[in-house]
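Computed from heavy atoms alone, side chains included, the values below leave out hydrogens, waters and symmetry copies. Quick note on labels: first sequence line is chain A, next is B, and so on, each numbered from 1. On a predicted model such as this, the values are computed, not experimentally measured, just so you know.
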2 protein chains.
Amino acid sequence: MSAQIKEPFDRKKQHGNKRLAVIRAAGEAFRRRGYHNSSMTEIAQTLGLTKTALYYYVKSKEEILYECHIMVYDAFDECLLEHMAAAETGLNELSIIFSELVKLLTRDGLSLLTDVSSLSGESQKDVLSRRGVIEARVTNIVERGMADGSIRKGDAQLTVFFFMGALNWLNAWYAPEGRLDGDMIAAEFTAQMRAGIAG
Amino acid sequence: MSAQIKEPFDRKKQHGNKRLAVIRAAGEAFRRRGYHNSSMTEIAQTLGLTKTALYYYVKSKEEILYECHIMVYDAFDECLLEHMAAAETGLNELSIIFSELVKLLTRDGLSLLTDVSSLSGESQKDVLSRRGVIEARVTNIVERGMADGSIRKGDAQLTVFFFMGALNWLNAWYAPEGRLDGDMIAAEFTAQMRAGIAG
DNA sequence: TATAAATTTGACTCAAGAGTCTAATTTTTG
DNA sequence: CAAAAATTAGACTCTTGAGTCAAATTTATA
């Protein structure tokens, strides 16, 4: 009887999990070789599947790209919500958040993709708007820091662009098996970001 | 008689100029919509030409992408050569160079593309090696700065990755007609970079 | 003006890859 | 076990866009 409820739930859950695995694998491929240099067939093979199987989990290749973007921004949002207003000064708040974001991006294959142009219409608008909202929130923190004196005065947006570049550039060089591990990168990056803007 | 020498020279020169215009226009398209979202036909139309005309100037689309990359790195090299060892401390030298690089990237449509994966074999190796050499040179300057005490000690490569991100991210947001002009960006970015690493 | 070189065009070929169809197989549930 | 749902596979279609070709036109040179 509990089965009547649990079973279909488990099915959906499994389906969801597999779908997630597909998106993850695709995201990793996109990050390494780029969206257009990764074919659905190749992505499927990575997972030991055939192309058609992929289409059982996703509607289109573009949907995968969309989900990849959204997934990261969801994680970003969560991170912001969790760590916002946890510190006294704007500078401290920003430091915590920045550090967490670096850790996020060096963990479990979440990566900030840059190919937004390959999304069409609504999706593209969506993603850009999500990015915009996040940037705006971060910019607010910076402005708060400028107000409370913890951050040197200047163009807040420009300040944000600078260190957001560091996050986005991570994709280009970071290798999970490389010399530098996530925590170390987070620590050094945060120190550099902090010193760069401290008031 | 002087014509016998000048004429063919002028022809080649004109051909070269047009070729350059093609690469510039394509580079701009690549920067805005990405390599794979820019068709040769569209690029040609931008210049008021037809596709075949393009192939009179370049061998292939990939060659254009290659040239775009090389062109920027040539400019980078020139910038490095011109401004290296012009300052006493590593920090000062780096500041000058960084500022010049920002100005370079906000000038005449030179932009740092990220799509290296769409280059095949040799070209890709070439471009990555060029990038590597430049990064290595910058890293050397940072190490010199760490040695002379002008730059805070730490992992030099990581330090470089951080602010190189700012340069690469420029493409994503910089708009020539926007609120922020090149000189202003260069000034603020350099200040932020400098404060971030000063010893 | 005549010949050769430079430059352009529109119509074509061709390959890659996204997405679909049909049918087979496996798993779940009553 | 039987019926329904979930999942997979291989062969197919169709579009997009890179690159080519043969011929036309323009420009330079003798």
Side-chain angles (χ1 to χ4, degrees), chain A residues 1-23 25-26 29-30 33-68 115 117-121 123, chain B residues 1-23 25-26 29-30 33-68 115 117-121 123:
Chain A
M1 15 187 71
S2 71
Q4 285 165 352
I5 287 189
K6 212 180 76 194
E7 291 299 351
F9 179 75
D10 271 349
R11 280 252 179 114
K12 275 196 180 136
K13 197 171 146 188
Q14 284 217 352
H15 188 274
N17 284 341
K18 289 188 183 177
R19 184 185 142 92
L20 209 66
V22 167
I23 294 172
F30 295 167
R33 300 190 303 275
Y35 179 66
H36 289 283
N37 301 313
S38 311
S39 76
M40 290 297 266
T41 308
E42 282 167 0
I43 294 168
Q45 280 169 354
T46 303
L47 294 159
L49 297 178
T50 179
K51 184 170 51 160
T52 320
L54 251 53
Y55 283 92
Y56 189 73
Y57 299 110
V58 298
K59 200 169 66 49
S60 68
K61 189 183 179 186
E62 193 188 318
E63 191 194 50
I64 299 182
L65 182 59
Y66 177 74
E67 292 287 2
C68 286
D115 195 339
S117 337
S118 299
L119 293 170
S120 54
S123 314
Chain B
M1 18 186 67
S2 70
Q4 286 166 349
I5 287 189
K6 213 178 72 193
E7 291 299 350
F9 179 74
D10 271 351
R11 281 250 178 116
K12 273 193 182 141
K13 197 170 145 189
Q14 285 217 350
H15 189 274
N17 284 340
K18 290 187 182 177
R19 183 185 142 94
L20 210 66
V22 167
I23 294 172
F30 295 167
R33 299 191 304 275
Y35 179 67
H36 289 282
N37 300 312
S38 313
S39 76
M40 291 295 268
T41 308
E42 283 167 1
I43 294 168
Q45 279 169 355
T46 303
L47 292 159
L49 296 180
T50 180
K51 183 169 54 159
T52 321
L54 253 52
Y55 283 92
Y56 188 74
Y57 299 110
V58 299
K59 200 168 66 51
S60 67
K61 190 184 180 186
E62 192 187 320
E63 189 194 53
I64 298 182
L65 182 59
Y66 177 75
E67 292 287 0
C68 286
D115 195 340
S117 338
S118 299
L119 294 169
S120 54
S123 313

Tell me the interatomic distance from A:Q45, atom CD, to D:dG10, atom C1', rounded to whole angstroms. 14 Å
Atom-to-atom span, CE of B:M40 to P of C:dT13 - whole angstrom: 21 Å
For A:N37 and C:dG17, what is the distance between atoms CG and C1' respectively, to the nearest whole Å? 12 Å
Donor-acceptor pair between A:H36 and A:S118 side chains, under 3.5 angstrom: yes
In whole angstrom, what separates B:N17's CG from C:dA6's P? 16 Å
If each of B:K18 and A:Y35 is mapped to the nucleotide of DNA chain C with the nearest heavy atom, which maps nearer the 5' terminus, i.e. the 5' end? B:K18
As a test of reading the structure: which of C:dA18, C:dT7, D:dT8 is closest to the side chain of B:Y57, going by heavy atoms? C:dT7
Give a yes or no on whether the backbone of A:S38 and the side-chain of A:R33 come within a donor-acceptor separation of less than 3.5 Å. no
When you measure from the side chain of B:Y55, which nucleotide among D:dT7, D:dA18, C:dG17 comes out closest? D:dA18
Tell me the interatomic distance from A:E62, atom CD, to C:dG17, atom C1', rounded to whole angstroms. 15 Å
Length of the line joining A:E42:CD and C:dA16:P, which is rounded to integer Å: 12 Å
Keeping the roles fixed (side chain from A:T50, backbone from A:A53), state whether a donor-acceptor pair exists under 3.5 Å. no
Between the base of D:dG10 and the side chain of A:T52, is there a donor and acceptor pair under 3.5 angstrom? yes
What is the distance, to the nearest angstrom, from the CG atom on B:L54 to the C1' atom on D:dT20? 14 Å
Name the closest nucleotide to the A:K61 side chain, picking from D:dG19, C:dT8, C:dG19. C:dG19
Between the base of D:dA18 and the side chain of B:K51, is there a donor and acceptor pair under 3.5 angstrom? yes
When you get a sec, tell me which of C:dG19, C:dT7, D:dG17 is the closest nucleotide to the side chain of B:Y56? C:dT7
Closest to the A:T50 side chain, choosing from D:dG17, D:dT8, C:dG19: D:dT8
Report the C-alpha separation of B:I64 and B:M40 in whole Å, then their side-chain angles, then the decisive distance to 0.1 Å, and conclude whether the side-chain contact (heavy atoms from CB on, under 4.5 Å) test is met. CA-CA 10 Å; B:I64 298 182; B:M40 291 295 268; 4.0 Å; yes
So, B:E67 and B:K59, do they make that salt bridge, N to O below 4.0 Å? no
In whole angstrom, what separates B:L47's CG from C:dT7's P? 15 Å
